[in-house]
2 protein chains.
Amino acid sequence: MLDSIDILKRNTLSVTESRKAILDLFIDTDGALAHADIEKNISNDFDRVTVYRTLQTFFENGIIHQIPTTDNTVLYALCKDKCEAGHHHDEHVHFICNLCDKTICLDEVTVPQVKLPKGFKPLQKAMVVKGICAECKN
Amino acid sequence: MLDSIDILKRNTLSVTESRKAILDLFIDTDGALAHADIEKNISNDFDRVTVYRTLQTFFENGIIHQIPTTDNTVLYALCKDKCEAGHHHDEHVHFICNLCDKTICLDEVTVPQVKLPKGFKPLQKAMVVKGICAECKN
DNA sequence: TTGATTTTGCAACAATATTGCAAATCATGT
DNA sequence: ACATGATTTGCAATATTGTTGCAAAATCAA
Ligand SMILES: [Mn+2]
Ligand SMILES: [Mn+2]
Ligand SMILES: [Zn+2]
Ligand SMILES: [Zn+2]
């Protein structure tokens, strides 16, 4: 398993305390993180603005991907495969648990193809499923 | 086609100027609307807070549904079928055009079933496809 | 170790969202 | 049509969230 320093170097990014801390948080967390989650965890050590800028940098470098939500929020999660800048290939299903509220990358579940009406050209697709996760099922 | 007054009455909601105006905007617009879009169109006549409260009311009554995004925004679109409070059945694909930036409800394209890992219980699902829409294709 | 480059924190600002409350509007029954 | 109560609205205050410029600090490459 790669650690945070490896990931930063692999992407030719400066290795800084804040980047390491935020990346470690992603690595240690199962489930996606919103900006607010990160802020709660590390805002004693780093500035809010740094979190914004770090998330943007990670996203641009294909270190994290985004998950759409319906609450004026964006969730972020680590990219498993090597995603290139601007060209992510994380077309897996995301699962949001209504009970524990975790968002889980189902890396092995690919977003299925759909047949669109004539003229529509699909480029990226995202699928979010809500329900009860395997943990909370019991 | 039902007009805004019909829709409000059918949902036992008071018929007010702001609700009519916002609902008419949805009816007249092809494509989904964000809070900001609505504000631009009607904010001379109604307060921002009224827009928030109206969207919430419409959503709770199944008049509009939400579309998840990755830009700290929520899109709303009219429900075609009669959705009941809290129990929407708008599981159609949404298409976001990278060029004209419209979000279109593909009412005839159902979100496909996916096989989830053991233990996950799906309750709702959403699918958003980005690309070039039929209008912009030409 | 040095100097150039990048990143960070701070401060100021902008934009977006929430809440309480009084006034206005609306629905209902007369 | 009018009175009444219930609902909705606008306003103001406040809170939360996101953006930008710039100087100081940290990082990188030589
Ligand atoms: Mn994911
Ligand atoms: Mn729709
Ligand atoms: Zn759960
Ligand atoms: Zn288009």
Side-chain angles (χ1 to χ4, degrees), chain A residues 3-26 32-61 63-64 66-76 85 101 103, chain B residues 3-26 32-64 66-76 85 101:
Chain A
D3 72 346
S4 51
I5 297 179
D6 295 329
I7 296 174
L8 291 171
K9 286 188 174 163
R10 163 170 309 206
N11 286 279
T12 57
L13 291 174
S14 300
V15 176
T16 68
E17 290 307 309
S18 47
R19 285 175 180 171
K20 275 191 288 179
I22 294 174
L23 199 38
D24 282 334
L25 188 57
F26 274 110
L33 296 169
H35 172 96
D37 300 320
I38 297 168
E39 210 177 305
K40 267 174 220 132
N41 269 278
I42 63 151
S43 101
N44 299 331
D45 304 314
F46 304 103
D47 194 84
R48 243 162 66 71
V49 178
T50 300
V51 177
Y52 283 111
R53 294 196 272 225
T54 302
L55 286 174
Q56 171 151 2
T57 299
F58 286 179
F59 178 65
E60 286 170 354
N61 284 85
I63 296 173
I64 57 179
Q66 299 181 322
I67 302 156
T69 73
T70 51
D71 63 352
N72 297 300
T73 263
V74 183
L75 293 171
Y76 298 91
D101 210 47
T103 297
Chain B
D3 74 346
S4 51
I5 298 179
D6 295 329
I7 295 174
L8 291 170
K9 286 188 174 165
R10 165 172 305 206
N11 287 278
T12 57
L13 291 174
S14 301
V15 176
T16 69
E17 290 307 310
S18 48
R19 285 174 179 171
K20 274 191 289 179
I22 294 174
L23 199 38
D24 282 334
L25 188 56
F26 274 109
L33 296 170
H35 172 96
D37 300 320
I38 296 167
E39 211 179 304
K40 265 173 223 134
N41 270 278
I42 62 151
S43 102
N44 300 330
D45 305 315
F46 305 104
D47 194 85
R48 246 166 74 73
V49 178
T50 300
V51 177
Y52 283 112
R53 294 196 271 226
T54 302
L55 287 174
Q56 170 150 2
T57 299
F58 286 179
F59 178 66
E60 286 170 354
N61 285 83
I63 296 173
I64 57 179
Q66 298 180 323
I67 301 156
T69 74
T70 51
D71 64 350
N72 299 300
T73 262
V74 183
L75 293 172
Y76 299 90
D101 210 47

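So that the names make sense, note that chain A is the first sequence line, chain B the second, and so on, each numbered from 1.
Considering only side-chain N and O atoms, B:Thr16 lies nowhere under 4.0 angstrom from the phosphate OP1 or OP2 of D:dT7. In terms of phosphate contacts, B:Asn72 brings no side-chain nitrogen or oxygen within less than 4.0 Å of OP1 or OP2 of C:dT16. Listed pair B:Thr50 / D:dT9 fails the phosphate criterion, with no side-chain N or O lying under 4.0 Å from OP1 or OP2.
Between the CG atom of B:Asp47 and the P atom of C:dT25 there is a distance of 14 Å, rounded to whole Å. Put simply, CG on B:Asp71 is 11 Å from P on C:dT16, counting in whole angstrom units. Whole-Å rounding puts the B:Leu8 CG to D:dT8 C1' distance at 13 Å. Here C:dA15 presents its P atom at 12 Å from NZ of B:Lys40, a figure rounded to the nearest Å. Atom CD of A:Gln56 is separated from atom C1' of D:dT17 by 16 Å (rounded to the nearest Å). Counting to the nearest Å, the P atom of C:dT16 and the CG atom of B:Asp37 are 11 Å from each other. Note: CD (A:Glu60) to C1' (C:dT6) measures 14 Å, nearest angstrom. Taking atom CD1 on A:Ile38 and atom C1' on D:dG18, their separation rounds to 15 Å, with Å as the unit.
Heavy-atom nearest nucleotides on DNA chain C were determined for B:Thr73 and for B:Glu17, and the one closer to the 5' end corresponds to B:Thr73. Between B:Glu39 and B:Ser14, the residue anchored closer to the 5' end of DNA chain C is B:Glu39, taking for each the nucleotide with the nearest heavy atom.
The listed nucleotides are D:dT8, C:dA17, C:dC10; the one nearest the side chain of B:Arg19 is D:dT8. Comparing C:dA17, D:dG18, C:dA11 against the side chain of A:Val49 picks out C:dA11 as the nearest. When the nucleotides D:dG18, D:dG10, D:dC28 are ranked by their closest atom to the side chain of A:Tyr52, D:dG18 comes out on top. Taking every side-chain heavy atom of A:Arg53 into account, C:dG9 is the closest of D:dT17, C:dG9, C:dT16.
One N or O on the side chain of A:Asp47 and one on the backbone of A:Val49 form a donor-acceptor pair closer than 3.5 Å. Of the possible donor and acceptor atoms, one in the side chain of A:Asp37 sits under 3.5 Å from a partner among the backbone N and O of A:Ala34. Although no hydrogens or angles enter the test, the distance criterion places no donor-acceptor pair under 3.5 Å between the side chain of A:Thr50 and the main chain of A:Phe46. Distance alone, capped at 3.5 Å, places no donor-acceptor pair between the B:Arg19 side chain and the B:Thr54 backbone.
In this structure, A:Asp45 reaches the sugar-phosphate backbone alone: every heavy-atom distance under 4.0 Å involves primed, P, OP1 or OP2 atoms, never a base.
B:His35 and B:Tyr52 have parallel rings, their planes meeting at less than 30° on a 0 to 90° scale where 60° marks the start of perpendicular.
Scanning atom types as modelled, no donor and acceptor separated by under 3.5 angstrom connect the side chain of B:Arg48 and the base of D:dG10.
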